[in-house]
Asks: 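First the structure, which I've put down as structure tokens, then a few questions once you've had a look.
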Amino acid sequence: MTNSFTNCLSAEWIKKRRSFSSWLVVVGACFIPLILTIMFLVYPKQILDLHHSGQFWRILQLRSWETMSIILLPMGIVLAVSLITQIEFKNNMWKQLHTAPVPFSSIYFSKLVLILLMLAQLFVLFNIATYVSVWIPALLNRDVPFPLYAINGTDVLKENGAYFIASLPLISLQFAISLQFKNFLVPIGAGLVLVVGGIIAHSWKYVYMLPPAYTALHFGEASGSTKHTDHNLTLWALGYFVVFVIIGYLLYVNRKEKG
Amino acid sequence: MYCVHTTALSHRFSASQQVLKEIELAVPTGSIYGFLGPNGAGKTTTLRLLLGLIKKQQGEILLFDQPLHLHRLQLLRQTGSMIEVPSLYGHLTAKENLLIWQKLYQCPKPHIAEALQIVGLADTGNKRVRQFSLGMKQRLSIATAILHQPALLILDEPTNGLDPYGIIEMRDLLKTLNTQHGITIVISSHLLAEIEKLVTHTGIISAGRIVFQGTLNELVSRQQSESQMILQTANNTEAAQIVKTFVSDVVINAQHISMPLLSKEKIAALHRALVQHKIDVYEMNAIKKELETIFMELINQTKHD
Ligand SMILES: Nc1ncnc2c1ncn2[C@@H]1O[C@H](COP(=O)(O)OP(=O)(O)OP(=O)(O)O)[C@@H](O)[C@H]1O
Ligand SMILES: [Mg+2]
């Protein structure tokens with residue numbers, strides 16, 4: 001099982017080459033940092049304020065995660081996860097994949113792990129790009145000082161970890177949905193409805209039960225702008241993740257026609 | 001010994017339509033088995049069942065004498081397949097496509113270059129498969145199917161979309177795989193003529209039922225037995241008496257006498273006898289049935305059931 005799992009995972013890794021979803025990771029990671037860079041270059045006051053705040057990295061992190069957590073990350077997850085499964089549908093591959101001598105569980109979990117690896121990739125790139133976004137203005141504009149403050153590594157890891165866990169329920173839900181539909185528009189449509197629903201319900205008192213809103217909720221907690229702190233989001237997220245992964249798997253293996 | 005053996009295999013996608021009716025497929029090990037039938041007869045459905053792509057509902061499927069549902073992974077390891085349209089990753093190169101299957105089948109890496117060589121795609125380099133012609137895609141699909149050197153190859157209309165030259169090439173390739181590597185091949189087609197020169201055995205399916213199964217020779221002798229001979233003479237009544245000494249199944253019409261096709265020796269003897277009795281022979285004609293006609297008749301019988 002572990003053996004066939006790693007075989008499947010390395011096969012998945014090859015399939016990802018030059019695929020649209022792998023570009024999405026790069027574009028998604030650089031988009032906001034790029035906007036920040038441009039903004040800092042055009043309005044140096046913005047970055048100078050950051051320097052005067054005394055909490056340079058913390059506030060920068062909040063600023064870069066803001067749009068990311070509320071819109072871009074959930075939308076990106078919907079799109080990337082659907083694209084990954086679409087690779088098999090679009091190329092008529094399921095029938096070939098399902099005649100390979102590997103258990104269905106290996107196929108399912110290797111795809112899921114690939115998606116999680118891509119999410120991790122996205123986060124790493126996003127952090128690097130955010131870091132670069134404040135160096136470029138300092139290099140180009142002599143009025144902007146270099147950000148030579150110490151970075152609290154634990155804090156960065158903790159925040160990234162929290163966003164990662166907050167992303168899990170939406171990923172597993174989107175994965176389960178997109179494995180079921182050959183027509184790309186169905187999972188994309190369903191995913192967008194979920195994400196938009198999560199945004200609309202942002203100030204609803206039961207919003208902590210809506211997985212697509214979790215990254216935004218975590219941002220709210222981290223920035224102190226909303227307080228849903230009486231619910232343990234991490235536990236909810238992990239709980240949903242486990243449930244969606246199991247449901248998704250059962251739907252997948254019980255498909256009557258495997259290609 | 002049978003490489004593929006199904007018994008009483010039935011299938012329905014919906015309650016109203018039974019697509020397969022008690023299919024009994026027997027593919028001898030080492031044979032090239034032509035699986036023939038018109039559109040919608042159930043070829044693809046049968047082959048998908050053999051590969052475990054659709055859930056078996058009724059009957060038994062044995063590959064290499066072992067039940068498929070009990071040994072799925074082990075049996076798939078020895079099987080290569082191509083079902084309907086080519087399955088390939090369009091955004092990858094030919095080599096990258098095969099690399100994926102090399103990982104999944106855990107076969108040695110040099111197999112990739114060998115397989116590409118065999119199907120004549122050794123130098124497509126960095127070209128994406130999306131940009132391949134249909135024939136190239138078909139060939140890459142074959143390379144995928146033979147990459148892990150299977151003992152059984154299941155091909156659903158592999159010549160679909162190939163030009164006549166490509167069809168001949170494919171036929172030669174399959175023959176080589178069969179004779180030199182001992183691979184048993186099941187190949188489906190609409191046209192008997194297309195695979196007649198390739199196969200050793202055939203199964204004909206029509207409307208979900210097997211209407212003929214046996215060696216190609218058996219089909220040919222069926223052709224012989226159903227062919228007719230026509231004789232026209234100056235005196236048909238007298239001639240018919242002579243014919244009856246050779247064959248019992250004689251019909252006298254206004255114009256001519258018809259009888260089953262006789263062997264060459266008997267034809268010569270009949271001719272001599274007619275000459276001896278001084279009966280003038282105007283016409284002696286064999287109306288041979290085309291193999292294709294036999295095929296069409298077998299199919300039509302079931303259609304009118
Ligand atoms: N997924 C499906 N759902 C419902 N019916 C199906 C499905 N696949 C095939 N059928 C039906 O089963 C019958 C047999 O189809 P099948 O594809 O096996 O035929 P075939 O012999 O391969 O035909 P062709 O030569 O056109 O490829 C057809 O009537 C078809 O409509
Ligand atoms: Mg078919």
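Keep in mind it's a predicted model, so treat the numbers as computed, not measured. Within every chain, numbering begins at 1; the chains are lettered A, B, ... in the order of the sequence lines, protein sequences first and strands thereafter.
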Asks: Please check this pair: side chain of B:His91 against backbone of A:Lys16, looking for a donor-acceptor N/O pair closer than 3.5 Å.
Replies: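 Such a contact is absent between B:His91 side chain and A:Lys16 backbone.
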
Asks: Could you tell me whether the side chain of A:Gln96 and the main chain of B:Ser81 form a donor-acceptor pair under 3.5 Å?
Replies: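 Checking the backbone N and O of B:Ser81 against the side chain of A:Gln96, a donor-acceptor pair under 3.5 Å is found.
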
Asks: Shorter than 4.5 Å, heavy atoms on both sides: which option in A:Lys95, A:Lys256, A:His98, A:Lys258 has the most such pairs with chain B?
Replies: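 Heavy-atom pair counts peak at A:Lys95.
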
Asks: Let me know if B:Gln102 has heavy atoms under 4.5 Å from chain A in its side chain, its backbone, both or neither.
Replies: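 No part of it gets close to chain A.
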
Asks: Could you tell me whether B:Asn126 atom CG has more than 12 heavy atoms of other residues or ligands within 6.0 Å of it?
Replies: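 Not buried by this count: 12 neighbours or fewer within 6.0 Å.
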
Asks: Could you tell me which non-hydrogen atom of A:Thr99 sits nearest to which non-hydrogen atom of B:Tyr105, and how far apart they are?
Replies: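 Shortest heavy-atom contact: O-OH, 3.3 Å.
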
Asks: Has A:Trp23 got more than 12 heavy atoms of other residues, nucleotides or ligands less than 6.0 Å from its CH2?
Replies: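 Open: at most 12 neighbouring heavy atoms sit under 6.0 Å from CH2 of A:Trp23.
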
Asks: Side chain from CB out, backbone as N, CA, C, O: work out which of these in B:Leu88 comes under 4.5 Å of a heavy atom of chain A, or both, or neither.
Replies: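 For B:Leu88, the contact with chain A is made by the backbone alone.
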
Asks: Tell me whether the count of non-hydrogen atoms from other residues, nucleotides or ligands lying under 6.0 Å of NZ in A:Lys182 goes above 12.
Replies: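 Counting neighbours around NZ of A:Lys182, more than 12 heavy atoms of other residues, nucleotides or ligands fall under 6.0 Å, so yes.
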
Asks: Where does B:Arg77 contact chain A at under 4.5 Å (heavy atoms): side chain, backbone, both or neither?
Replies: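 Both parts, backbone and side chain.
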
Asks: Nearest 0.5 angstrom please: B:Gln106 CD to A:Asn7 CG, how far?
Replies: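 The CG atom of A:Asn7 is 3.5 Å from CD of B:Gln106, to the nearest 0.5 Å.
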
Asks: About how many Å separate CZ of A:Arg255 and CG of B:Leu53, when rounded to the nearest 0.5 Å?
Replies: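 That separation rounds to 10.5 Å.
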
Asks: Please state whether the side chain, the backbone, both or neither of B:Thr144 comes within less than 4.5 Å of a heavy atom of chain A.
Replies: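 Contact with chain A is through the side chain of B:Thr144 alone.
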
Asks: Taking all heavy atoms of A:Ala100 and all of B:Leu76, pick out the closest pair and write down the distance.
Replies: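 Heavy atoms of A:Ala100 and B:Leu76 come nearest at O-CD1, 3.9 Å.
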
Asks: Is it true that, when you exclude A:Phe31 itself, more than 12 heavy atoms of the residues, nucleotides or ligands shown sit nearer than 6.0 Å to its CZ?
Replies: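 No.
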
Asks: Please flag which part of B:Arg130 lies under 4.5 Å from any non-hydrogen atom of chain A: side chain, backbone, both or neither.
Replies: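 For B:Arg130, neither part sits under 4.5 Å from chain A.
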
Asks: With chain A as the partner, which of B:Val129, B:Leu92, B:Asn97 has the greatest number of non-hydrogen pairs under 4.5 Å?
Replies: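 Between B:Val129, B:Leu92, B:Asn97, the count favours B:Leu92.
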
Asks: Kindly indicate whether a cation-pi arrangement holds for B:Arg72 with A:Phe104, taking the cut-offs as under 6.0 Å to the six-membered ring centre and within 45° of the axis.
Replies: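 Yes, cation above the ring, under 6.0 Å and within 45°.
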
Asks: Can you check whether B:Leu104 reaches A:Leu97 side chain to side chain, under 4.5 Å on heavy atoms?
Replies: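 Answer yes - side chains close enough.
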
Asks: Any chance you could lay out the side-chain contact (heavy atoms from CB on, under 4.5 Å) test for B:Thr93 and A:Arg18, step after step, and finish with the verdict?
Replies: CA-CA 11 Å; B:Thr93 64; A:Arg18 290 190 294 270; 4.0 Å; yes

Asks: Would you find more than 12 non-hydrogen atoms of other residues, nucleotides or ligands less than 6.0 Å from B:Phe13 atom CZ?
Replies: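 Count over threshold, so yes.
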
